[in-house]
Number of protein chains: 2
Amino acid sequence: MAITVELLKRFSILRDLPEPTLLLLASQAVLRKFSRREIVVDPSEQKSALCFLFEGSLQGVDFTLDGREVGLYFVRPGDFCGEVALFDAGANPEFVIALSKSQVVILPYSALESVMYESKSLIKALSQRLAYRVRELTEQRSILSLPSIPQRIHRQLWQLTGLKADNIPSNEIEIIYPPTHQEIAIMLNTSRETVTRVFQTLLAEDIVQRNGTNSLIIKQPEKLYALSNTSEK
Amino acid sequence: MAITVELLKRFSILRDLPEPTLLLLASQAVLRKFSRREIVVDPSEQKSALCFLFEGSLQGVDFTLDGREVGLYFVRPGDFCGEVALFDAGANPEFVIALSKSQVVILPYSALESVMYESKSLIKALSQRLAYRVRELTEQRSILSLPSIPQRIHRQLWQLTGLKADNIPSNEIEIIYPPTHQEIAIMLNTSRETVTRVFQTLLAEDIVQRNGTNSLIIKQPEKLYALSNTSEK
DNA sequence: CATAACATGTGACTGTCATCACGTAAAATT
DNA sequence: AATTTTACGTGATGACAGTCACATGTTATG
């Protein structure tokens with residue numbers, strides 16, 4: 001399926017690129033649909049591609065020897081993934097799988113390798129993206145170090161809101177397509193049951209509210225924030 | 001203290017840069033000594049610098065709200081750190097502190113910002129470095145997901161050897177300036193006492209051996225590797 | 001619309017390890 | 001050489017959360 005420059009401009013990393021570069025990239029990109037649980041980025045693949053998420057949701061995951069799944073990060077529409085192996089001979093460090101039916105713009109490395117170091121704005125955007133990934137992984141590592149598991153869950157939920165500490169709305173906000181308890185559990189090194197139990201408490205205290213499968217309402221963001229920052233058990 | 005091009009060439013990321021670029025960088029770099037526990041990279045600093053470790057050892061750390069220290073990575077001589085904030089307006093995501101008396105070549109961002117996107121080999125090296133950081137953080141995340149804490153410690157020790165699974169020597173090898181139990185504990189989300197107890201077991205089974213403060217002998221690398229990969233409890 | 005597949009809820013049980021408290025050993029500093 | 005600081009060693013205790021087992025909702029899908 002053909003990709004237009006307009007479509008590429010929906011992705012912030014590409015938005016500011018010069019028109020000729022965008023045209024070149026668009027001509028080599030394809031749109032692909034992925035069904036639930038399908039693998040989008042496979043680290044064992046030799047030739048890989050940048051994957052821009054147009055619709056749906058993805059998760060970066062790793063696997064331990066015993067087959068246990070490890071959650072690394074979520075990919076939301078407008079975001080992209082699969083960039084790590086673009087820079088050297090190494091492979092991508094993780095799988096990316098579709099959490100729900102998703103549409104992804106596939107841009108093969110081969111389309112980029114020849115131009116990425118020539119276009120200052122492109123390489124700048126790409127390296128900024130890597131810097132962002134490092135920050136994100138560090139942030140997640142810091143959540144993992146929280147001694148209390150309920151607190152980890154509160155923090156992760158807070159993270160999913162995308163809110164900043166200096167701008168907490170008093171009214172409720174919505175998280176669309178929230179991850180399942182299992183998907184949250186593997187991000188936080190905990191078990192699904194524990195996530196369920198913590199959610200029960202949050203529901204009981206009227207801090208969050210379920211709203212069908214693909215919407216979660218944070219009724220009291222300030223309370224959630226407070227919980228994610230209290231070190232008392 | 002003045003820096004020579006020769007000195008810069010000791011660092012693999014700079015080695016292949018053209019001579020004029022190296023001269024330019026050398027003229028703006030300084031050598032600084034850090035004593036134990038001193039802060040090398042401070043995320044709250046506005047203007048930062050790349051820090052090339054010439055001698056000693058550093059650790060990237062983060063702090064939780066309750067003041068608990070979180071270990072992120074170790075920096076060994078020849079390596080460098082402080083590169084994340086170079087790419088955008090954001091700050092470095094973590095502290096880097098000196099674990100022992102260290103000598104560091106300080107290269108201010110200002111020396112790089114004007115040239116980094118112009119020199120293809122430089123920006124390439126820098127972005128490859130970021131890709132490496134992402135891989136390293138992912139690897140560490142995967143260690144953290146191991147359900148058994150002793151196994152985490154075995155894996156971390158194995159990591160410190162720098163050995164690859166496809167090349168395990170049958171003779172003993174040495175880890176110089178090994179981290180303290182405390183420093184290992186904060187990397188693995190565990191307590192110092194637990195690290196001590198696991199080391200006691202390894203000593204008893206003659207798999208490792210202490211050799212003064214700043215040397216640890218892995219007497220049986222293959223056994224350590226086996227332990228780091230057995231999922232039985 | 002029936003049935004399978006998946007997501008969530010809940011109780012009981014148990015092992016592991018964090019924490020506390022202290023002792024010893026080895027450096028570092030004076 | 002004396003003293004302080006830092007690293008390591010070890011036992012006792014208790015809480016937390018992982019695991020198992022199963023029930024109940026809820027969403028796909030033929």
Side-chain angles (χ1 to χ4, degrees), chain A residues 35-38 56-57 59 64 66-71 97-101 144-154 157 177-186 188-204 208-216 231-233, chain B residues 35-38 56-57 59 64 66-71 97-101 144-154 177-204 208-216 231-233:
Chain A
S35 49
R36 199 182 136 58
R37 290 256 113 201
E38 206 175 341
S57 91
Q59 185 177 31
T64 56
D66 48 339
R68 181 187 298 260
E69 221 176 351
V70 182
I97 60 171
L99 293 182
S100 54
K101 220 174 272 184
L144 275 177
S145 77
L146 292 170
S148 137
I149 289 191
Q151 205 184 348
R152 280 189 216 169
I153 297 172
H154 300 147
L157 249 182
Y177 297 106
T180 66
H181 294 178
Q182 173 66 21
E183 282 151 13
I184 294 174
I186 61 170
L188 301 176
N189 254 14
T190 184
S191 68
R192 180 195 62 78
E193 291 90 330
T194 302
V195 176
T196 297
R197 287 187 242 265
V198 172
F199 263 81
Q200 286 308 103
T201 315
L202 290 175
L203 284 168
V208 306
Q209 190 185 341
R210 296 213 54 177
N211 183 23
T213 322
N214 36 25
S215 169
L216 183 73
S231 48
E232 51 164 339
K233 354 197 149 178
Chain B
S35 48
R36 199 181 137 59
R37 290 256 113 199
E38 206 174 343
S57 88
Q59 185 178 31
T64 56
D66 49 338
R68 183 187 296 260
E69 221 177 352
V70 182
I97 59 171
L99 294 181
S100 53
K101 221 174 272 183
L144 274 177
S145 77
L146 292 170
S148 141
I149 291 192
Q151 204 184 347
R152 280 189 217 168
I153 298 172
H154 299 147
Y177 297 107
T180 66
H181 294 177
Q182 174 66 21
E183 283 151 12
I184 293 174
I186 62 170
M187 295 283 290
L188 301 176
N189 253 13
T190 185
S191 68
R192 179 194 63 79
E193 292 90 331
T194 302
V195 176
T196 298
R197 287 187 241 266
V198 172
F199 264 81
Q200 286 308 102
T201 316
L202 289 176
L203 283 168
V208 306
Q209 190 184 341
R210 296 213 53 177
N211 184 23
T213 321
N214 37 25
S215 169
L216 183 72
S231 49
E232 51 164 339
K233 352 197 152 182

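The structure displayed is predicted, hence computed values, not measured ones. Excluded from the calculations below are hydrogen atoms, water molecules and symmetry mates; all remaining heavy atoms, backbone and side chain alike, are included.
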message: The criterion is side chain to side chain donor-acceptor pair (under 3.5 Å); which residues satisfy it with A:Ser191, sequence neighbours excluded?
response: A:Thr194
task: Take A:Ile153 and A:Val195 through the test side chain to side chain contact (heavy atoms under 4.5 Å, CB included) and record every step on the way to the result.
output: CA-CA 7 Å; A:Ile153 297 172; A:Val195 176; 4.0 Å; yes
message: In whole Å, I'd like the distance from the CD1 atom of A:Ile149 to the P atom of D:dT19.
response: 11 Å
field: DNA chain D contacts among residues 180-188 of chain B, heavy-atom distance under 4.0 Å
entry: B:Thr180, B:His181
query: When the distance from CG of A:Leu144 to P of D:dA17 is rounded to whole Å, what number comes out?
result: 14 Å
- request: Provide, to the nearest angstrom, the distance between the CG atom belonging to A:Asn189 and the C1' atom belonging to D:dC16.
  value: 15 Å
message: Regarding A:Pro179, tell me which of base, sugar-phosphate or nothing describes its non-hydrogen contacts under 4.0 Å with the strands shown.
response: nothing
- line: Those residues at least two apart in sequence (or on a different chain) that pass salt bridge (charged side-chain N to carboxylate O under 4.0 Å, His left out) with A:Glu69 are A:Arg37
statement: Note: contacts of residues 192-200 of chain B with DNA chain C (heavy atom, under 4.0 Å) are B:Glu193, B:Thr194, B:Arg197
Pairs: protein N or O with nucleotides 24-28 of chain C N or O, under 3.5 Å:
from: C:dA27; atom 1: OP1; to: B:Thr213; atom 2: OG1; distance (Å): 3.2

- prompt: Is A:Arg68 touching bases, backbone alone, or none of the nucleic acid, heavy atoms closer than 4.0 Å?
  reply: sugar-phosphate
- prompt: Given atom CG of A:Leu99 and atom C1' of D:dT27, what is their separation to the nearest angstrom?
  reply: 16 Å
task: Starting from C1' on C:dA18, measure out to CG on A:Leu146 and report it in whole angstrom.
output: 15 Å
message: Once salt bridge (charged side-chain N to carboxylate O under 4.0 Å, His left out) is applied, do any residues pair with B:Arg36, and if so which ones, sequence neighbours excluded?
response: none
message: For A:Thr213, give me all partners under side-chain contact (heavy atoms from CB on, under 4.5 Å), at least two apart in sequence or on another chain.
response: none
query: Can you list the residues that meet the side-chain contact (heavy atoms from CB on, under 4.5 Å) rule with A:Ser57, with sequence neighbours excluded?
result: A:Leu99, A:Ser100
Verdict with supporting geometry, B:Val70 and B:Thr64, side chain to side chain contact (heavy atoms under 4.5 Å, CB included): CA-CA 7 Å; B:Val70 182; B:Thr64 56; 3.9 Å; yes
- request: For side chain to side chain contact (heavy atoms under 4.5 Å, CB included), just list the numbers for A:Asn211 and A:Leu216, CA-CA rounded to whole Å, side-chain angles, deciding distance to a tenth of an Å, and then say yes or no.
  value: CA-CA 6 Å; A:Asn211 183 23; A:Leu216 183 73; over 6 Å; no
message: Measuring from atom CG of A:Asn189 to atom CG of A:Leu144, what distance do you get when rounded to the nearest 0.5 angstrom?
response: 5.5 Å
- prompt: What is the distance, rounded to the nearest whole Å, between atom CG of A:Leu203 and atom C1' of D:dG25?
  reply: 14 Å
- request: Output yes when at least one side-chain N/O atom of B:Ser148 is less than 4.0 Å from OP1 or OP2 of C:dT16, else no.
  value: no
message: Using a heavy-atom cut-off of 4.0 Å across all strands, would you classify B:Arg36 as base, sugar-phosphate, or nothing?
response: sugar-phosphate
task: Output, in order, the C-alpha distance, side-chain angles, deciding distance and verdict of side chain to side chain contact (heavy atoms under 4.5 Å, CB included) for B:His154 and B:Leu202.
output: CA-CA 9 Å; B:His154 299 147; B:Leu202 289 176; 3.9 Å; yes
task: Measure from the side-chain N and O atoms of A:Arg192 to the backbone N and O of A:His181, and report whether any donor-acceptor pair falls under 3.5 Å.
output: no
statement: From CG of B:Leu202 across to P of D:dG9 the rounded distance in Å is 12 Å
field: Partners meeting salt bridge (charged side-chain N to carboxylate O under 4.0 Å, His left out) with A:Glu38 (sequence neighbours left out)
entry: A:Arg32
Set of residues satisfying salt bridge (charged side-chain N to carboxylate O under 4.0 Å, His left out) with respect to A:Arg210, sequence neighbours excluded: none
task: Just report the end-to-end axis angle for the helix from C:dC1-D:dG30 to C:dT30-D:dA1, five pairs per end, to 10 degrees.
output: 60°
field: Contacts of type side chain to side chain donor-acceptor pair (under 3.5 Å), residue A:Thr190, not counting sequence neighbours
entry: none
